[in-house]
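So the structure is just underneath, and the comments pick up after that.
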Amino acid sequence: YSTHKILGIETSCDDTGCAVINDKCELLSESLYSQHLIHLRHGGIIPDVAQDLHRYNIEPIVSGTLQKAKLTMSDISAIAVTLKPGLPLSLAIGMKYAKHLARRHNKPIIPVHHMEAHALVARMQYNIRFPFLVLLISGGHCLLAVVQDINKFKLLGESIDCAPGEIFDKVARRMKLKNVPEYSKISGGQAVELAAAKATNPNMFKLPLPLAEYKDCNFSFNGLKTSVLLHHHRKEVEHKIVADELIPEVNDLCAAMLMATSKHLVHRTQRAMEFCHKRNLISEDNKLLVVSGGVACNDYIFNALSILCNETNYKIFRPSHKLCTDNGVMIAWNGLEKWKRNIDIVTNLDSLDIEAV
Ligand code: KG4
Ligand code: ZN
């Protein structure tokens with residue numbers, strides 16, 4: 001008896017990820033190449049550069065993943081690959097390579113939605129039954145949804161402008177946090193979290209609570225970003241800061257931003273819980289909140305959500321940090337869940353259409 005094994009490939013943004021999971025839900029092998037340091041030098045992700053790096057790394061990452069588990073493509077039952085959403089140029093490399101493997105080894109492809117994979121990977125580590133509430137917070141997205149089944153998501157709300165990770169990254173860049181050696185190699189979000197922990201006067205800056213007067217589950221982070229940048233600019237002028245210097249209040253400002261972001265996320269999540277209760281979308285005996293996506297790594301945010309869950313009798317779950325940020329494991333996991341239920345198994349490869357690039 002040999003188990004079925006699913007190969008997962010992720011290239012939606014700036015990480016080339018790959019993993020193999022078997023049908024006993026065991027993770028056999030995984031690899032991740034992060035382009036983060038290269039993009040840091042450019043001051044942000046340039047899609048062409050990201051695509052070139054994926055093109056260069058996809059083959060060694062996939063064959064390395066198979067080799068680590070002493071597997072070949074003949075051991076694989078299906079290839080799961082991110083279909084959307086993401087940077088089109090980046091997505092195209094993963095899909096193209098998956099199709100190449102699928103044709104050459106005669107395997108089906110299981111297309112995976114990147115955000116669904118972020119949500120469902122929690123089921124790999126915890127016993128989480130459908131339907132459950134999910135808050136996805138990353139560098140590209142912010143949304144609340146009820147996960148009713150593997151392929152059935154009810155969207156409750158999303159960001160009307162940018163994502164929380166995006167404002168952390170942009171503010172960190174403007175604050176020149178990467179000039180601090182301790183922060184030079186980590187993401188903007190991580191740098192903001194570390195700086196905030198050193199704040200001595202976090203209440204010094206007043207930031208607005210976004211969309212406070214709206215009774216829905218949508219998010220907005222642009223206003224927060226603008227307020228933070230304005231405070232930052234004023235302090236630069238006040239202290240006559242020159243290039244590459246940090247304002248003395250940098251930690252306090254990071255803390256203020258983190259607190260305001262947490263407050264907004266908690267406010268909207270609480271609203272989603274009320275809505276689910278009113279509409280019977282979540283049952284009384286299965287009140288579960290999953291928090292995932294890169295920003296879910298933030299302990300301050302997670303603690304704020306945990307307090308809310310404590311008050312509302314929800315159980316809160318978050319995948320391990322490595323599985324919150326982009327990775328190949330979540331794609332393989334989603335592929336396996338679909339494989340077991342015979343959902344989205346595509347043998348006619350021409351019907352998968354990010355072939356343009
Ligand atoms: O999910 P992810 O790896 O990629 C996207 O799909 O966007 O998330 C990356 C984002 C980045 O914006 C990064 O700054 C943020 O997650 N992030 C954090 C933390 N770690 C990563 N934000 C806040 N606190 C953290 N500890
Ligand atoms: Zn992501």
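Whatever order the structure lists ligands and atoms in, that order sets their numbers, starting from 1. The structure presented is a predicted model; accordingly, all values stated were derived computationally and were not measured. Computation of the quantities below employed the complete heavy-atom set of this structure, encompassing side-chain atoms and omitting hydrogens, waters and symmetry-equivalent molecules.
- A side-chain donor-acceptor contact under 3.5 Å links H277 and E284.
- Taking a cutoff of 4.0 Å between a charged side-chain nitrogen and a carboxylate oxygen, D350 and K99 do not qualify as a salt bridge.
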Test side chain to side chain donor-acceptor pair (under 3.5 Å) applied to E158 and H141, step by step: CA-CA 8 Å; E158 59 189 330; H141 295 270; 5.9 Å; no

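- With A191, G294, G165 as candidates, the residue nearest to atom 21 (C) of ligand 1 on a non-hydrogen basis is G294.
- Residue contact check: S138 has heavy atoms under 4.0 Å from atoms 1 (O), 5 (C), 6 (O), 7 (O), 8 (O) of ligand 1.
- The minimum heavy-atom distance linking T82 with S12 is given by the pair CG2-CB, 4.0 Å.
- Aromatic ring orientation, H264 versus F221: perpendicular (interplanar angle above 60°, classes split at 30° and 60°).
- At least one N/O/S atom of H114, from backbone or side chain, sits under 2.8 Å from the Zn ion (ligand 2).
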Passes side chain to side chain donor-acceptor pair (under 3.5 Å), S31 versus T65? Steps please. CA-CA 6 Å; S31 312; T65 308; 2.7 Å; yes

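- When non-hydrogen atoms are compared, ligand 1 lies under 4.0 Å from the side chain of E193 (C-beta onward) but not from its backbone.
- Looking at atom 4 (O) of ligand 1, its nearest protein heavy atom turns out to be D326 OD2, 3.1 Å.
- Scanning the protein for heavy atoms near atom 12 (O) of ligand 1, the closest one is D169 OD2, 2.7 Å.
- The pair K5-D75 does not meet the salt-bridge criterion, since no charged nitrogen lies less than 4.0 angstrom from a carboxylate oxygen.
- With a 4.0 Å cut-off on non-hydrogen atoms, H114 touches ligand 1 through its side chain and not its backbone.
- Contacts of T325 with ligand 1, taken as heavy-atom pairs under 4.0 Å, involve both backbone and side chain.
- Of the options V295, I167, N327, D299, the smallest heavy-atom separation from atom 15 (C) of ligand 1 is shown by V295.
- Every heavy atom of C13 sits 4.0 Å or more from the atoms of ligand 1.
- Aromatic ring centres of F302 and Y300: separated by at least 6.0 Å.
- Ion pair D161/K225 not flagged as a salt bridge, since none of the NZ, NE, NH1 or NH2 atoms sits closer than 4.0 Å to an Asp/Glu carboxylate oxygen.
- The ligand atoms of ligand 1 that sit less than 4.0 angstrom from a heavy atom of S187 are 13 (C), 14 (O), 17 (N), 20 (N), 21 (C).
- Protein heavy atom in closest approach to atom 9 (C) of ligand 1: G139 N, 3.9 Å.
- Proximity of H321 to ligand 1 is not established, as no heavy-atom distance is less than 4.0 Å.
- Below 3.5 Å of separation, one finds an N or O of N298 facing an N or O of ligand 1.
- With no hydrogens or angles considered, a side-chain donor-acceptor pair links D326 and H118 at under 3.5 Å.
- In summary, no N, O or S atom of C13 is located under 2.8 Å from the Zn ion (ligand 2).
- We find that K170 and E166 are joined by a salt bridge, their nearest charged nitrogen and carboxylate oxygen being less than 4.0 Å apart.
- Taking every non-hydrogen atom of G140 and a distance limit under 4.0 Å, the qualifying atoms of ligand 1 come out as 7 (O).
- A salt bridge is defined here as a Lys NZ or Arg NE, NH1 or NH2 lying under 4.0 Å from an Asp or Glu carboxylate O, and D169 with R174 fails to meet this definition.
- If you look at D326 and ask which of its N, O or S atoms sits nearest the Zn ion (ligand 2), the answer is OD1.
- For atom 22 (N) of ligand 1, the nearest protein heavy atom (residue, atom name, distance) is G189 CA, 3.3 Å.
- Taking only nitrogen or oxygen atoms, main chain and side chain alike, F168 does not reach within less than 3.5 Å of ligand 1.
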